[in-house]
*Asks:* 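I'd like to ask some things about the structure below.
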There are 2 protein chains.
Amino acid sequence: MAVKKADRNLDINTEAKILEAARTIFHKKGYAATRTRDIAEEAGINLALLNYYFRSKEKLFDIIMLETMEGFFQSLSVVFNDTSTSLEKKVEVVTESYIDLLLAQPDIPIFLLNELRTHPSEIGEKFKMKQIIMHSVFFKQWQEATKNNKNQIPPLQFMISLMSLIMFPFVACPIIKMVGDLKQEQFNKMMVERKKLIPKWIKAIMKS
Amino acid sequence: MAVKKADRNLDINTEAKILEAARTIFHKKGYAATRTRDIAEEAGINLALLNYYFRSKEKLFDIIMLETMEGFFQSLSVVFNDTSTSLEKKVEVVTESYIDLLLAQPDIPIFLLNELRTHPSEIGEKFKMKQIIMHSVFFKQWQEATKNNKNQIPPLQFMISLMSLIMFPFVACPIIKMVGDLKQEQFNKMMVERKKLIPKWIKAIMKS
DNA sequence: AACTATTTTAATCAAACGATTAAATATTTA
DNA sequence: TAAATATTTAATCGTTTGATTAAAATAGTT
């Protein structure tokens with residue numbers, strides 16, 4: 001009896017196990033291609049248990065979706081509103097921290113983008129992304145830094161480009177590996193290289 | 001009777017109608033979220049007819065997938081191997097033609113990327129993308145142009161960045177619209193702006 | 001130990017979905 | 001025109017899938 005109790009405590013909360021399995025499968029396959037039975041199997045539990053804890057596939061998905069978006073935009077918010085760092089430093093920090101994040105969890109961008117495309121975004125509206133990004137310290141610094149350029153680059157255009165350079169390679173990973181005939185390890189090495197390249201390029205763009 | 005025949009000729013080939021409907025729905029929802037009944041309804045035909053013409057959902061999908069990839073990479077191949085234009089001109093042409101393509105069919109990049117992620121790529125291997133891109137005139141010109149730089153940018157890194165700047169905004173369209181509080185029309189206007197911005201930025205990067 | 005509440009399972013339901021069949025209609029060919 | 005072929009439909013089959021139910025196992029409490 002005592003042993004059994006110890007065993008139970010070892011393999012975490014059942015709820016947590018289900019959530020972890022759901023995260024894995026949803027991130028990998030997306031909502032539509034995911035079967036609740038897959039999640040149950042991955043979690044090592046019965047299918048009925050999943051519905052007992054989370055009522056429905058959609059409710060479970062909403063939790064994962066919300067949690068994923070939060071995790072993804074939080075880092076951005078923190079870095080962008082640091083009043084103690086320069087614009088250039090922010091670019092370096094954002095680039096480095098996001099590439100690290102994506103190396104650890106490469107499925108997240110395409111998961112988010114693909115689900116936001118299909119699911120008309122009830123979820124997305126919960127985030128005050130507009131507030132977080134458009135009124136950030138980063139944005140004010142950018143406008144300050146480029147106000148003397150003849151052709152000032154619109155802040156949103158700049159923002160989009162920075163995020164493109166950081167995130168797109170992970171979204172396009174399968175194609176890049178095909179075109180460049182790379183294995184996962186070589187691909188990752190390239191992404192690490194980009195931590196240095198992207199800030200350089202951004203500086204070059206700002207001076208233009 | 002003559003009238004009926006005329007009617008029939010008007011509404012194209014039934015096969016073509018089904019293909020067009022399949023293209024629309026698959027591009028919009030992806031394979032897993034698409035129901036064959038949706039395609040039949042969109043095409044204005046019976047469900048059985050779809051299977052009569054194309055045997056199965058998967059066979060129909062493969063046709064659309066192949067056709068979509070071909071269309072998407074062909075333009076690239078043509079521009080990249082034009083021996084009569086300069087490197088800078090090629091960047092301009094690629095940027096402009098691809099942004100035009102994506103303004104007309106904005107769903108294509110995320111459709112392709114998402115399907116390539118799930119479906120282990122039997123399809124992808126049919127394309128000799130490596131040949132097309134890595135041995136293109138464009139690549140040789142790039143290496144020539146940057147060979148005197150202290151830190152030569154690896155061609156594949158450059159290629160990735162160019163494609164990122166062009167394509168990612170369309171993939172991230174829903175988020176960008178949320179962050180910038182934009183309507184579709186305003187978003188499109190921004191993309192048109194980028195036709196001029198991206199070649200400028202690329203030049204700035206090349207000089208660095 | 002006895003009782004209650006919680007957790008887990010096996011079995012099953014009902015709807016959704018891809019696919020098939022057999023028959024009807026239209027078109028082409030002889 | 002008659003026979004043969006191609007096109008289209010209504011009805012339905014068999015699986016898959018999300019969800020439920022009722023009962024068993026376990027944990028917690030007195």
Side-chain angles (χ1 to χ4, degrees), chain A residues 1-65 115 118-119 122-123, chain B residues 1-65 115 118-119 122-123:
Chain A
M1 280 306 207
V3 176
K4 277 193 180 175
K5 191 174 179 183
D7 278 353
R8 297 209 129 239
N9 288 346
L10 273 181
D11 53 26
I12 348 173
N13 224 354
T14 300
E15 190 176 317
K17 269 200 307 187
I18 297 174
L19 276 174
E20 192 183 320
R23 196 177 302 122
T24 304
I25 310 257
F26 277 137
H27 282 178
K28 195 159 117 193
K29 301 196 184 181
Y31 180 82
T34 293
R35 291 179 290 264
T36 51
R37 281 170 170 83
D38 292 342
I39 297 177
E41 191 186 6
E42 171 87 15
I45 52 105
N46 190 289
L47 171 61
L49 204 49
L50 185 150
N51 287 292
Y52 171 75
Y53 276 104
F54 297 98
R55 285 288 295 169
S56 74
K57 178 187 181 185
E58 201 172 345
K59 288 219 171 67
L60 178 55
F61 176 80
D62 285 348
I63 292 171
I64 298 297
M65 184 72 181
E115 296 304 332
T118 334
H119 281 247
E122 320 108 21
I123 309 159
Chain B
M1 277 307 210
V3 176
K4 276 193 180 175
K5 192 173 180 183
D7 278 353
R8 298 210 127 240
N9 289 346
L10 273 180
D11 53 28
I12 347 174
N13 223 354
T14 299
E15 189 175 318
K17 271 200 304 186
I18 297 175
L19 275 174
E20 192 183 320
R23 198 177 301 123
T24 304
I25 311 258
F26 277 138
H27 282 178
K28 195 158 115 192
K29 301 195 185 184
Y31 179 83
T34 293
R35 291 180 290 264
T36 50
R37 281 168 170 85
D38 292 341
I39 296 176
E41 190 187 5
E42 171 88 15
I45 53 101
N46 191 289
L47 172 62
L49 202 50
L50 185 149
N51 287 292
Y52 171 75
Y53 276 105
F54 298 97
R55 284 290 296 169
S56 75
K57 178 187 180 184
E58 201 171 345
K59 287 220 172 67
L60 177 54
F61 176 80
D62 285 347
I63 293 171
I64 299 297
M65 184 73 181
E115 296 304 332
T118 334
H119 282 245
E122 319 107 21
I123 308 157

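First the proteins, then the strands, lettered A, B, ... as listed; each starts at 1.
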*Asks:* So, A:Lys57 side chain and A:Thr34 main chain: donor-acceptor pair closer than 3.5 Å or not?
*Replies:* yes
*Asks:* Can you check the B:Asn51 CG to C:dC17 P distance for me, whole Å?
*Replies:*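 Going from CG in B:Asn51 over to P in C:dC17 covers 15 Å.
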*Asks:* So A:Phe61 and A:Phe26, would you call those rings parallel, tilted or perpendicular, with 30° and 60° as cut-offs?
*Replies:* perpendicular
*Asks:* CZ of B:Arg23 to CD1 of B:Ile63: how many Å apart, nearest 0.5 Å?
*Replies:* 10.5 Å
*Asks:* Can you check the B:Glu15 CD to D:dA6 C1' distance for me, whole Å?
*Replies:* 13 Å
*Asks:* Round to the nearest Å and state the distance from A:Phe54 atom CZ to C:dT8 atom P.
*Replies:*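 Distance check: A:Phe54 CZ to C:dT8 P gives 12 Å.
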*Asks:* Please find the pair of heavy atoms, one from B:Glu42 and one from B:Ala21, that lie closest to each other, and give the distance.
*Replies:*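 The answer is CG-CB, 3.5 Å.
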*Asks:* Identify the heavy atoms of A:Ile18 and A:Leu49 that sit nearest to each other, and give their distance.
*Replies:* CD1-O, 4.2 Å
*Asks:* So A:Leu60 and A:Ile39, side chain to side chain contact (heavy atoms under 4.5 Å, CB included) or not? Walk me through it.
*Replies:* CA-CA 11 Å; A:Leu60 178 55; A:Ile39 297 177; 4.2 Å; yes
*Asks:* Are any of A:Thr14's side-chain N or O atoms less than 4.0 Å away from OP1 or OP2 of C:dT8?
*Replies:* yes
*Asks:* Using whole Å, report how far CD1 of A:Ile18 lies from P of D:dA19.
*Replies:* 13 Å
*Asks:* If you assign A:Ser56 and B:Tyr53 each to the DNA chain D nucleotide with the nearest heavy atom, which residue ends up on the more 5' nucleotide?
*Replies:* B:Tyr53
*Asks:* List the residues meeting side-chain contact (heavy atoms from CB on, under 4.5 Å) with A:Lys28, not counting sequence neighbours, and say none if there are none.
*Replies:*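 A:Lys28 satisfies side-chain contact (heavy atoms from CB on, under 4.5 Å) with A:Asp107 only.
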*Asks:* Between D:dT15 atom P and B:Lys57 atom NZ, what is the distance in whole Å?
*Replies:*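 In whole Å, D:dT15 P lies 19 Å from B:Lys57 NZ.
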*Asks:* Taking atom P of C:dT27 as reference, at what distance in whole Å does atom CG of B:Asn13 sit?
*Replies:*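 It works out to 13 Å between those atoms.
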*Asks:* List the atom of A:Ile64, the atom of A:Leu19, and the distance in Å for their closest heavy-atom pair.
*Replies:* CD1-O, 3.6 Å
*Asks:* With the criterion being N/O to N/O and under 3.5 Å, what pairs connect the protein with nucleotides 4-6 of chain C, and how long is each?
*Replies:*
none

*Asks:* Heavy-atom contacts under 4.0 Å between residues 26-50 of chain A and DNA chain C, which residues?
*Replies:*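 DNA chain C contact set from residues 26-50 of chain A: A:Asn46, A:Ala48, A:Leu49.
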*Asks:* Taking A:Glu115 for its side chain and A:Tyr31 for its backbone only, find out whether a donor-acceptor pair lies under 3.5 Å.
*Replies:*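 Side chain of A:Glu115 to backbone of A:Tyr31, a donor-acceptor pair under 3.5 Å: yes, one is there.
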